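Written below as structure tokens is the structure these notes are about.
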Amino acid sequence: MKRILITTAGRPDEVTETRALAAQQALGYERIARNKRSVKNLMVTNSCDLLVAGKERYELYRQTMSEPFFFHPDTAAFRLKRLLKGETDPLVEMCQLEPGNSFLDCTLGLATDSIVASFAVGATGKVKGIEADPDVAFITATGLTQFQPKFQELKDAMQRISVVHESAPTFLTGLSDDTWDVVYLDPMFSQTISESSSFAPLRQVGVHGGLTEEWVSEARRVARKRVVVKAHFNDPVFEQFGFTQIIRPNTKFHFGFIEK
Ligand SMILES: C[S@@+](CC[C@H](N)C(=O)[O-])C[C@H]1O[C@@H](n2cnc3c(N)ncnc32)[C@H](O)[C@@H]1O
């Protein structure tokens with residue numbers, strides 16, 4: 001496994017030092033002083049990847065990546081604006097989300113879908129995101145509470161999401177039957193979905209691998225209303241696990257659901 005070190009932004013101050021320390025406590029990686037060195041220089045001389053604690057966000061640099069990975073709400077902002085105008089959202093429709101519902105996101109990533117779900121279920125609902133990769137879980141969890149969005153509804157939706165670092169099938173086995181209205185699955189399938197370029201760094205840092213029998217059967221057991229999957233329209237997953245695939249013309253990814 002690749003070694004990861006933590007450092008501060010180029011001009012360290014009390015804020016970035018504190019944030020570097022918080023990352024060390026959460027992730028257990030060593031810290032190194034920035035000492036005016038570039039990210040590239042630090043990565044090459046220490047033969048490591050680098051988590052940089054900036055004033056406003058954490059950035060994960062990997063030697064194999066041209067762009068760093070960091071939290072941003074991505075398309076959630078305009079999807080929320082559309083919902084605020086009374087328009088619909090495919091995820092909300094597919095999950096039949098209503099205020100007060102609970103939504104368990106088994107593949108949190110940047111939490112874009114979870115933010116939309118959190119807005120839809122409102123303050124009386126509940127959203128939890130499970131993320132298997134420790135760095136993604138940390139960066140998304142801190143981003144959800146620290147990112148300063150331009151409008152309050154987005155901020156509220158982000159702050160209501162709780163994040164758990166765990167592999168979803170393992171997390172699901174610890175839950176009782178019928179405890180979450182919707183269980184949502186959006187793993188990194190083999191087919192690349194090139195609809196969002198802002199998604200590219202997540203594809204490079206996140207955990208890959210499709211669904212398993214155990215994962216889907218645990219999701220079915222835990223869901224009260226439905227299990228929803230998102231996958232490339234060609235993906236065999238719909239048929240393999242018995243999801244009803246909903247065809248969305250002109251989109252590369254489709255949703256599928258299993259009703260309880
Ligand atoms: C396609 S992305 C999800 C994107 C997410 N729906 C969003 O809106 O940002 C898949 C994410 O699931 C994570 N993942 C993959 N396998 C997992 C597992 N077994 N348990 C939990 N998370 C997993 C990956 O690390 C990645 O962050």
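Keep in mind it's a predicted model, so treat the numbers as computed, not measured. Atoms within each ligand, like the ligands themselves, are counted from 1 in listed order.
- In terms of polar-atom proximity, Asp133 is not counted as a contact of ligand 1, lacking any N or O under 3.5 Å from an N or O of the ligand.
- Taking any N or O of Thr112, backbone or side chain, at least one lies under 3.5 Å from an N or O belonging to ligand 1.
- Taking each of Phe253, Phe171, Trp215 in turn, the one with a heavy atom nearest to atom 18 (C) of ligand 1 proves to be Trp215.
- Numbered from 1 in the order shown, with element, the atoms of ligand 1 that lie under 4.0 Å from a heavy atom of Cys106 read 20 (N), 21 (C), 22 (N).
- Where the criterion is an N or O separation shorter than 3.5 Å, residue side chain and backbone included, Pro187 fails it with respect to ligand 1.
- Ion pairing between a basic and an acidic side chain is recognised when a charged N comes within 4.0 Å of a carboxylate O; Asp181 and Lys225 show no such pairing.
- Heavy-atom proximity to atom 15 (C) of ligand 1, evaluated over Val207, Val116, Asp74, is greatest for Val207.
- Contact check on Asp178 versus Lys260 returns a salt bridge, with a Lys/Arg side-chain nitrogen under 4.0 Å from an Asp/Glu carboxylate oxygen.
- Under the side-chain contact (heavy atoms from CB on, under 4.5 Å) rule, Ile246 has a single partner from Met94, His254, Glu93, which is Met94.
- Not a single N or O atom of Val136, backbone or side chain, sits closer than 3.5 Å to an N or O atom of ligand 1.
- Below 3.5 Å of separation, one finds an N or O of Glu131 facing an N or O of ligand 1.
- Ligand-side atoms of ligand 1 in range of Ala132: 17 (C), 18 (C), 20 (N), 21 (C), 22 (N), 23 (C), range being under 4.0 angstrom from any heavy atom.
- Between Arg19 and Asp13 there is no salt bridge, since no side-chain nitrogen of the basic residue lies less than 4.0 Å from a carboxylate oxygen of the acidic one.
- Annotation: cation-pi geometry satisfied between Lys126 and Trp180 (NZ/CZ under 6.0 angstrom from ring centroid, within 45° of ring axis).
- Taking all heavy atoms of Thr170, Leu202, Leu108 into account, the minimum distance to atom 7 (C) of ligand 1 is reached by Leu108.
- Of all atoms in ligand 1, numbered sequentially from 1 with element shown, those under 4.0 Å from a heavy atom of Gly206 are 25 (O).
- At least one heavy atom of Glu166 sits less than 4.0 Å from an atom of ligand 1.
- Distance alone, capped at 3.5 Å, places no donor-acceptor pair between the Glu166 side chain and the Ala168 backbone.
- Heavy atoms of Ser114 stay at 4.0 angstrom or farther from ligand 1.
- Within the structure, the closest approach of Thr140 to ligand 1 does not fall below 4.0 Å when heavy atoms are considered.
- For Arg57, the side-chain hydrogen bond (donor to acceptor under 3.5 Å, both in side chains) criterion is met by Glu59, not counting sequence neighbours.
- Using cut-offs of 30° and 60° for the angle between ring planes, the Phe71 and Phe147 rings count as perpendicular.
- Not one N or O of Gly209 is nearer than 3.5 Å to an N or O of ligand 1, by distance alone.
- To the nearest 0.5 angstrom, Leu97 atom CG is 9.5 Å from Ser102 atom OG.
- For the pair Asp113 and Arg79, the salt-bridge criterion is met [side-chain N within less than 4.0 Å of a carboxylate O].
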